[in-house]
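Positions are given from 1, in the same order as the sequence printed here. As the structure is a computational prediction, the values presented were derived from the model and not from experiment.
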Amino acid sequence: QVQLVESGGGLVQAGGSLRLSCAASLRTFSSVNMGWFRQAPGKEREFVAVIAWSGGNTYYADSVKGRFTVSRDNAKNTVYLQMNSLKPEDTAVYYCAADRYRGRDYYMARTEEDFGFWGQGTQVTVSS
C-alpha cells in the first residue's frame, strides 16, 4: 500500500520559514516526479511545485517562485519543500503527491490529474 506522509507544518509569522517533508512508501519513488499542492480555506487545490524523478529539474507556481524550493532525496524516499519569506496568503493545507506515471518528463506533471498518490496534508498557517 502506497503511503505519502507529510510533516513540518505549523504556525509561523510572516517573513518566516518552514520546511515540509514528505516520506513515501513507494517502491518506484526514484522514478516518479513528485509534486506539492496546497488548498486554502474556501479555495480549490492549486499546484505549488514539481521536481523531476531525477531531481535535476524543478518548476514552480508564479506565486511561490523565488521563495520556495523543492528538493528530494531518493535514498530516503523523501521530498522536501523549503518555504522562505512566508506570507499570510501562503496559509493552506499542503499536500505532496506522486506522479501516476514513471519516468516521464517533469513538465508533464502539473495538474491534480497527473498525480496518482496523495498524502493526507499538513497545515501551514502564516500570521501577519
*Asks:* Nearest heavy-atom pair of Val5 and Gln120: which atoms, and what distance?
*Replies:* CA-OE1, 3.8 Å
*Asks:* Over 60° means perpendicular and under 30° means parallel, so classify the ring planes of Tyr94 and Phe68, tilted if in between.
*Replies:* tilted
*Asks:* Rounded to the nearest 0.5 Å, how far does OG of Ser30 lie from CG of Asn77?
*Replies:* 7.5 Å
*Asks:* Work out which heavy atom in Asn57 is nearest to a heavy atom in Tyr106; give both atom names and the distance.
*Replies:* CB-CE2, 3.3 Å
*Asks:* Could you state the interatomic distance from CE (Met34) to OG (Ser71), rounded to the nearest 0.5 Å?
*Replies:* 11.5 Å
*Asks:* Residues two or more places apart in sequence or in another chain: which of them pass salt bridge (charged side-chain N to carboxylate O under 4.0 Å, His left out) with Glu46?
*Replies:* Arg38
*Asks:* Please table the atom pairs, donor to acceptor, closer than 3.5 Å between any side-chain atom in residues 9-28 and protein atoms at least two apart or in another chain.
*Replies:*
from: Ser17; atom 1: OG; to: Asn84; atom 2: OD1; distance (Å): 2.9
from: Ser25; atom 1: OG; to: Gln3; atom 2: N; distance (Å): 2.8
from: Ser25; atom 1: OG; to: Gln3; atom 2: O; distance (Å): 3.3

*Asks:* Under a 3.5 Å distance rule, please check whether Arg102 uses its side chain to pair with a backbone N or O of Trp53 as donor and acceptor.
*Replies:* no
*Asks:* Nearest 0.5 Å, what's the CZ-CZ distance between Arg110 and Phe37?
*Replies:* 10.0 Å
*Asks:* For residues Val124 and Val79: do they belong to one hydrophobic cluster (side chain heavy atoms under 4.5 Å, members Ile, Leu, Val, Met, Phe, Trp, Tyr)?
*Replies:* yes
*Asks:* Are Val48 and Tyr95 side-chain neighbours, meaning at least one heavy-atom pair lies under 4.5 Å?
*Replies:* no
*Asks:* Aromatic contact between Phe47 and Tyr60, with the criterion being ring centroids under 6.0 Å apart: yes or no?
*Replies:* no
*Asks:* Say whether Tyr101 and Ile51 are linked into one hydrophobic cluster, either directly or through other cluster members, by side-chain heavy-atom distances under 4.5 angstrom.
*Replies:* no
*Asks:* Measuring from Glu113:CD to Arg100:CZ, what's the distance to the nearest 0.5 Å?
*Replies:* 8.0 Å
*Asks:* Could Arg45 and Trp118 be counted as a cation-pi pair, given that NZ or CZ must be under 6.0 Å from the ring centre and within 45° of the axis?
*Replies:* yes
*Asks:* How close do Thr78 and Phe29 get, heavy atom to heavy atom, and via which atoms?
*Replies:* N-CZ, 3.5 Å
*Asks:* Is Lys65 positioned over the aromatic face of Tyr59, cation under 6.0 angstrom from the ring centre and no more than 45 degrees off axis?
*Replies:* yes
*Asks:* Measure across Ala98 and Val32 and return the closest heavy-atom pair with its distance rounded to 0.1 Å.
*Replies:* CB-CG2, 4.4 Å
*Asks:* Please determine, by modelled atom types, if Asp105 and Tyr107 share a side-chain donor-acceptor pair under 3.5 angstrom.
*Replies:* yes
*Asks:* Treat each ILVMFWY residue as a node, draw an edge where side-chain heavy atoms are under 4.5 Å apart, and state whether Trp36 and Met83 are in one component.
*Replies:* yes
*Asks:* If you compare all heavy atoms of Asn33 against all heavy atoms of Arg104, which two are closest, and at what distance to 0.1 Å?
*Replies:* ND2-O, 3.1 Å
*Asks:* Search all heavy atoms of Gln39 against all heavy atoms of Lys43 and return the closest pair with its distance.
*Replies:* NE2-O, 3.1 Å
*Asks:* Hey, does the side chain of Thr91 reach the backbone of Glu89 with a donor-acceptor pair shorter than 3.5 angstrom?
*Replies:* no
*Asks:* Are Val50 and Val70 packed together at the side-chain level, in the sense that at least one heavy-atom pair is separated by less than 4.5 angstrom?
*Replies:* no
